[in-house]
Amino acid sequence: DVVVAADVFCYLGDLEPVLSRFFAALRDGGHALFTVETGTPNDPWALRRTGRYAHSPKYVASVASDLGFRCDSVDDVVARLEQGQPVDASLFVLSK
């Protein structure tokens, strides 16, 4: 099983509800792959002037771990270009 969410969590603040549903939906050995706009380490998430949320990778990893996920990798990526500028993101690969 695989669940993929690319460039959509920027519309959510607290990710615990959606990640808990991912965990419940996946069979053992399944994977969740998703991106979040990269936020600051001090705030779990923050609403930006763009109207999109950015998430601290530390917060995301902590929520995932608390739910029972194993964090296989976290990579820095560019989610998209916004007004010609790259939007920094973190790509998470989790497994159950």
With clusters defined by side-chain heavy atoms of hydrophobic residues (ILVMFWY) lying less than 4.5 Å apart, directly or transitively, does [Y] cluster with [X]?
X: W45; Y: V87; answer: no
X: V63; Y: L33; answer: no
X: V18; Y: L67; answer: yes
X: V3; Y: L12; answer: yes
X: V8; Y: Y59; answer: yes

Does the side chain of D88 pick up a donor-acceptor pair with the side chain of T38 at under 3.5 Å?
-> no
Any side-chain donor-acceptor pair under 3.5 Å between D14 and Y53?
->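 No, Y53 and D14 have no side-chain donor paired with an acceptor closer than 3.5 Å.
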Supply the atom-to-atom distance S95 OG to F69 CZ, rounded to the nearest 0.5 angstrom.
->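 The distance works out to 8.5 Å.
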Nearest-0.5 Å distance that lies between atom CG in L19 and atom CG in L94 = 7.0 Å
Write down the atom of [X], the atom of [Y], and the distance for their closest heavy-atom approach.
X: G39; Y: R48; value: CA-NH2, 4.2 Å
X: S73; Y: D75; value: OG-OD2, 3.9 Å
X: A25; Y: D1; value: O-OD2, 4.0 Å
X: A89; Y: A79; value: CB-CB, 3.7 Å

Does some side-chain heavy atom of E37 sit less than 4.5 Å from a side-chain heavy atom of C10?
->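 Side-chain contact under 4.5 Å: yes.
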If you measure from the Lys or Arg side-chain nitrogens to the Asp or Glu carboxylate oxygens, is any gap between E82 and R52 under 4.0 Å?
-> yes
Would V60 and V74 count as a side chain to side chain contact (heavy atoms under 4.5 Å, CB included) if you check the C-alpha gap in whole Å, the side-chain angles of each, and the deciding distance to 0.1 Å?
-> CA-CA 10 Å; V60 177; V74 182; over 6 Å; no
Results of ring pair (Phe, Tyr, Trp, His ring centres under 6.0 Å) for F34 - residues two or more places apart only |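 F34 satisfies ring pair (Phe, Tyr, Trp, His ring centres under 6.0 Å) with F9, F92 once adjacent residues are dropped.
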Can you establish whether the number of heavy atoms outside R21 located under 6.0 Å from its atom CZ is more than 12?
->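 Open: at most 12 neighbouring heavy atoms sit under 6.0 Å from CZ of R21.
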Going by side-chain heavy atoms closer than 4.5 Å, which hydrophobic residues are tied to V78, directly or by a chain of links?
->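 Cluster partners of V78: none, it stands alone.
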Keeping [X] on the side-chain end and [Y] on the backbone end, is there a donor-acceptor pair under 3.5 Å?
X: S20; Y: P17; value: yes
X: H55; Y: S90; value: no
X: K96; Y: F23; value: yes

